[in-house]
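Beneath this line is the structure, given in structure tokens, with notes to follow.
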Amino acid sequence: MRIRRAAPSDADALSRLARDVAAEPGGWLLTLGTWRSTSDERRAIRLLRRHPDAAIFVAETDEGIIGRLSLTRDHHPSSQHVADIGLMVASGYRRRGVGRALLETAVEWARSSGVSKLELHVFPHNEAAIKLYESFGFEREGYRNRHYRRGQEYVDAILMAYFVTG
Ligand SMILES: CC(C)(COP(=O)(O)OP(=O)(O)OC[C@H]1O[C@@H](n2cnc3c(N)ncnc32)[C@H](O)[C@@H]1OP(=O)(O)O)[C@@H](O)C(=O)NCCC(=O)NCCS
């Protein structure tokens, strides 16, 4: 398994991965079975490859792309030391350390970008993700009631954060 910055040619595989994960009955993502189109994904990757404050990484094997990590630094001048992260691993490749490896990549990116705090939102029912984040060292910072609109309903989210040292 290798992890590298996403290239525009990954757009199709990344869109498919996200659509597949979004369509899982567990409801792990904000979107419900939809994702941006391949061309929008390609545009986003192109833009981010030149952008110092955001990045998309992919995890891949010889069989193709199996994971995605996205990082976006906060815009506000007072919180530019904070970046938001999102990740997903293809269902057939979970519990093999890919998610943890993507989080390690997030920490490396943070160190090289001057980011000292990584944050994320996770749905309370997403036990796998919460276990991953807590085992990695993320701490719960708050519980956000009805924070997101998902389809026709409002859903809660746990806010978690990791302080980058070194
Ligand atoms: C959450 C997710 C990214 C975890 O990725 P992963 O590659 O399976 O995670 P890892 O194999 O690196 O797991 C590392 C540790 O996290 C914990 N963990 C991960 N999945 C778990 C599960 N299903 N049940 C219990 N613990 C789990 C374990 O402590 C695990 O270590 P171990 O396997 O040695 O016991 C993956 O399940 C996923 O993509 N889910 C759907 C999308 C999603 O939820 N994204 C996050 C939205 S906030």
Side-chain angles (χ1 to χ4, degrees), residues 1-24 26-31 34-36 38 40-75 80-123 126-139 141 148 157-166:
M1 195 267 294
R2 304 169 289 278
I3 295 180
R4 59 169 174 79
R5 284 294 273 259
S9 56
D10 298 324
D12 192 39
L14 281 172
S15 292
R16 265 185 284 120
L17 169 67
R19 269 196 296 272
D20 288 349
V21 175
E24 286 180 38
W28 317 123
L29 306 184
L30 272 176
T31 51
T34 55
W35 193 257
R36 57 172 85 104
T38 297
D40 285 350
E41 185 81 59
R42 193 177 299 115
R43 239 188 313 279
I45 295 169
R46 279 212 185 96
L47 191 73
L48 293 196
R49 273 169 86 82
R50 295 191 300 269
H51 209 292
D53 293 338
I56 300 176
F57 287 89
V58 298
E60 68 177 355
T61 67
D62 291 342
E63 287 153 35
I65 286 175
I66 57 161
R68 169 201 187 104
L69 162 74
S70 51
L71 296 135
T72 313
R73 189 183 197 129
D74 217 283
H75 294 307
Q80 282 181 336
H81 61 290
V82 180
D84 184 85
I85 79 173
L87 80 158
M88 65 183 78
V89 174
S91 60
Y93 291 87
R94 293 181 189 154
R95 291 310 285 270
R96 301 187 196 183
V98 181
R100 176 172 286 273
L102 287 170
L103 289 180
E104 280 159 6
T105 301
V107 171
E108 279 168 29
W109 177 88
R111 285 201 184 103
S112 66
S113 308
V115 164
S116 57
K117 181 177 183 181
L118 294 170
E119 69 168 16
L120 57 85
H121 284 94
V122 57
F123 294 137
N126 194 346
E127 288 174 24
I130 293 168
K131 287 216 163 81
L132 165 66
Y133 301 142
E134 287 186 332
S135 73
F136 192 83
F138 277 77
E139 289 168 20
E141 288 208 318
Y148 289 112
I158 300 172
L159 175 63
M160 301 187 81
Y162 178 91
F163 288 93
V164 178
T165 53

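All residue numbers in this chain count up from 1 along the given sequence. If you're wondering where the values come from, they're calculated on a predicted model, not measured in any experiment.
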Tell me the closest heavy-atom pair linking [X] and [Y], and the distance in Å.
| X | Y | value |
| --- | --- | --- |
| Val98 | Ala59 | CG1-CB, 3.8 Å |
| Pro8 | Ile45 | N-CG2, 3.6 Å |
| Ala54 | Arg5 | O-NH2, 3.8 Å |
| Ala44 | Arg36 | CB-NH1, 4.1 Å |
| Ala18 | Trp35 | CB-CD2, 3.2 Å |
| Ile56 | Glu41 | CD1-OE2, 4.3 Å |

Could you state the interatomic distance from [atom1] ([X]) to [atom2] ([Y]), rounded to the nearest 0.5 Å?
| X | Y | atom1 | atom2 | answer |
| --- | --- | --- | --- | --- |
| Arg2 | Ile65 | CZ | CD1 | 10.0 Å |
| Ile130 | Ser135 | CD1 | OG | 12.0 Å |
| Arg19 | Thr38 | CZ | OG1 | 5.5 Å |
| Glu108 | Ser113 | CD | OG | 11.0 Å |
| Leu29 | Met88 | CG | CE | 5.0 Å |
| Leu118 | Phe138 | CG | CZ | 5.5 Å |

Ignoring hydrogens and geometry, is there a side-chain-to-backbone donor-acceptor pair from [X] to [Y] under 3.5 Å?
| X | Y | result |
| --- | --- | --- |
| Ser112 | Trp109 | yes |
| Thr61 | Glu63 | yes |
| Arg73 | Ala110 | no |
| Asp20 | Leu17 | no |

Could you go step by step and tell me if Leu30 and Phe123 meet the side chain to side chain contact (heavy atoms under 4.5 Å, CB included) rule? CA-CA 9 Å; Leu30 272 176; Phe123 294 137; 3.8 Å; yes

Pairwise side-chain contact, Ile3 with Leu69, heavy-atom cut-off 4.5 Å (strictly under):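 Counting from C-beta outward, Ile3 and Leu69 never come under 4.5 Å.
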
Would you indicate whether the side-chain heavy atoms of Ile85 and Tyr162 approach each other to under 4.5 Å?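 In short, these two side chains do not touch, never coming nearer than 4.5 Å.
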
Side-chain donor-acceptor pair under 3.5 Å between Thr72 and Asp84, yes or no?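 Per modelled atom types, Thr72 and Asp84 side chains form no pair under 3.5 Å.
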
Check against side chain to side chain contact (heavy atoms under 4.5 Å, CB included), Leu87 and Tyr133: CA-CA 11 Å; Leu87 80 158; Tyr133 301 142; 3.0 Å; yes

Of all pairs that satisfy salt bridge (charged side-chain N to carboxylate O under 4.0 Å, His left out), the ones with a partner from residues 93-106, not counting sequence neighbours: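 Every pair satisfying salt bridge (charged side-chain N to carboxylate O under 4.0 Å, His left out) with a residue in residues 93-106: Glu24-Arg94.
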
Only pairs at least two apart or in different chains count here, so list each salt bridge (charged side-chain N to carboxylate O under 4.0 Å, His left out) that has a residue in residues 110-123.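 Checked against salt bridge (charged side-chain N to carboxylate O under 4.0 Å, His left out) - neighbours excluded - the pairs reaching residues 110-123 are Lys117-Glu141.
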
Indicate the ring-plane relationship of Tyr148 and His121, choosing parallel, tilted or perpendicular according to the 30° and 60° boundaries.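 The rings of Tyr148 and His121 stand perpendicular, inter-plane angle above 60°.
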
Walk me through whether Phe57 and Leu71 qualify under side chain to side chain contact (heavy atoms under 4.5 Å, CB included). CA-CA 9 Å; Phe57 287 89; Leu71 296 135; 3.7 Å; yes

Would you mind telling me which of Arg16, Arg4, Arg49 makes a salt bridge (charged side-chain N to carboxylate O under 4.0 Å, His left out) with Asp10?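 Exactly one pass, corresponding to Arg4.
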
